[in-house]
Amino acid sequence: MLKAVILIGGPQKGTRFRPLSFEVPKPFPVAGVPMLQHHIEACSKLPNMKEILLIGFYQPNEELNRFLSCAQQDFKISIRYLQEYSALGTGGGIYHFRDQILSGGPEAFFVMNANVCSEFPLPEMTDFQKEHRDAYSFVILGTTANRKKSLNYGCIVENEQTDEVLHYVEKPSTFVSDIINCGIYLFTPEIFQHIGAVFQKNQQDMLLEEQSNGWHRAEVIRLEQDVFTALAGQGKLYVYKTGRFWSQIKSAGSAIYASRLYLNQYHKTHPERLATNREGGLKTRGKCLVEV
């Protein structure tokens, strides 16, 4: 049995997407459907996918609830929203709700950042993990970027023979590798042992900082800097490299580029979503609509 977690962030981060998004956690349309629907649809296609959990610190509202209700009906799968009490980071949120994630005994679960568009090669990642079958192995989806663009992402140095992650650096200041982190992961439940170790360390550091009038929240944990960096080179972390399309959606402008990638795919996957020519009405030219 599998589960999936989609990390949707919170309202202050949504300012990057204005005017597409103000208070709504990224269900604004990308290629004609809500942004998160692409993630949910990809997850629902896995035959043993039991539940999809959205984690973020948005206050639940009518639009979010309506989106979740419609998605559940459309994809016939349980979808729930779990609200953080504060921004806990990419690792802190899943650690805080670990009991919910592990409920029912999933053998593995996906974690996906909401702000990516992709062909979502989830079945391939599942098969890849089985090739490295180990209760303590975890998979990062990676792709290649040029030297300049790679500095904007987490960079992965791999063992080319085994695909093991030997070194991981988040947004390095100098070139490290052309393999970048796509923000899509496949974990076994054992990942919580490693996140828990970070939590314990944060608690100890917090006590020391309190003595010097410092403060930070122990539950704020970053998968990339706090967990992956430590796991690299230990034979526990692997990268599955995809040659399919992938992009990060950082702004309203980048959502346009993401729409183009999805529209290119629609001819094979969802031709019903593409507009057709109508006499006396809209005519299509390429992927665009032109009114005549």
Side-chain angles (χ1 to χ4, degrees), residues 1-8 30-31 33-55 71-72 74-80 90 94 101-144 154 156 158 160-165 179-191 223 228 236-249 258 261-273:
M1 193 240 306
L2 292 172
K3 288 193 179 186
V5 175
I6 305 174
L7 305 176
I8 66 174
V30 173
V33 300
M35 180 177 176
L36 293 175
Q37 185 168 322
H38 299 287
H39 300 64
I40 292 171
E41 182 175 0
C43 292
S44 69
K45 289 179 179 178
L46 291 171
N48 50 347
M49 179 62 65
K50 181 69 173 178
E51 185 176 44
I52 300 172
L53 301 172
L54 276 59
I55 296 179
Q72 283 196 112
D74 291 341
F75 298 106
K76 305 297 187 290
I77 191 169
S78 171
I79 305 173
R80 293 189 291 135
T90 51
I94 64 173
I101 296 170
L102 297 177
S103 175
E107 61 186 47
F109 63 97
F110 285 95
V111 173
M112 316 165 77
N113 287 323
N115 66 337
V116 298
C117 85
S118 172
E119 244 181 294
F120 297 108
L122 307 186
E124 293 86 342
M125 291 179 69
T126 303
D127 292 340
F128 177 82
Q129 188 188 54
K130 290 177 181 177
E131 293 174 11
H132 300 83
R133 193 54 189 166
D134 181 343
Y136 299 96
S137 68
F138 318 110
V139 180
I140 299 176
L141 181 66
T143 192
T144 56
I156 298 165
E158 67 160 347
E160 294 182 359
Q161 282 70 48
T162 65
D163 302 305
E164 180 192 347
V165 176
I179 304 173
I180 62 171
N181 176 4
C182 292
I184 300 172
Y185 317 117
L186 179 56
F187 295 142
T188 58
E190 284 70 24
I191 191 66
L223 280 174
F228 294 162
K236 299 174 181 176
L237 191 61
Y238 294 85
V239 56
Y240 174 75
K241 299 185 296 297
T242 180
R244 300 183 183 184
F245 79 77
W246 176 88
S247 180
Q248 192 173 48
I249 306 177
L261 295 176
Y262 281 128
L263 287 171
N264 284 331
Q265 189 186 34
Y266 278 179
H267 285 286
K268 293 186 294 185
T269 60
H270 291 289
E272 75 282 358
R273 291 180 184 172

Test item: [X] and [Y] side chains (from C-beta on) under 4.5 Å apart, heavy atoms:
X: Ile77; Y: Met49; result: yes
X: Glu131; Y: Asp163; result: no
X: Val30; Y: Cys117; result: no
X: Tyr185; Y: Ile94; result: no
X: Phe109; Y: Ile191; result: yes

Work out which heavy atom in [X] is nearest to a heavy atom in [Y]; give both atom names and the distance.
X: Cys43; Y: Met112; result: SG-SD, 3.5 Å
X: Pro106; Y: Pro189; result: O-CG, 3.5 Å
X: Gln129; Y: Thr188; result: NE2-CG2, 3.5 Å
X: Met35; Y: Val116; result: CE-N, 4.4 Å
X: Val5; Y: Ile55; result: CG1-CD1, 3.6 Å
X: Ile79; Y: Ala71; result: CD1-CB, 3.6 Å

Query raised in the report: Is the distance between the ring centroids of Phe120 and Phe110 less than 6.0 Å?
Result: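 Ring centres of Phe110 and Phe120 not closer than 6.0 Å.
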Report task. Please list, chain by chain and in numerical order, all residues satisfying salt bridge (charged side-chain N to carboxylate O under 4.0 Å, His left out) with Glu158, sequence neighbours excluded. Result ->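 For Glu158 the salt bridge (charged side-chain N to carboxylate O under 4.0 Å, His left out) partners, ignoring immediate neighbours, are Lys241.
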Requested in this report: Taking side chain to side chain donor-acceptor pair (under 3.5 Å) as the test, write out the residues that go with Thr90, two or more places apart.
Outcome: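 Expected list: Glu224.
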**Report entry** With sequence neighbours excluded, residues passing side chain to side chain donor-acceptor pair (under 3.5 Å) with Glu124
**Finding:**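 Per chain and number, Glu124 pairs via side chain to side chain donor-acceptor pair (under 3.5 Å) with Arg244.
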Residues that [X] engages under side chain to side chain contact (heavy atoms under 4.5 Å, CB included), provided they are two or more places apart:
X: Asn48; value: Leu2, Leu46
X: Cys182; value: Leu141, Thr143, Trp246
X: Ser103; value: Lys3

For the [atom1] atom of [X] and the [atom2] atom of [Y], what is their distance to the nearest 0.5 Å?
X: Ile140; Y: Phe228; atom1: CD1; atom2: CZ; value: 4.5 Å
X: Asn113; Y: Ile8; atom1: CG; atom2: CD1; value: 12.0 Å
X: Leu122; Y: Tyr240; atom1: CG; atom2: OH; value: 10.5 Å

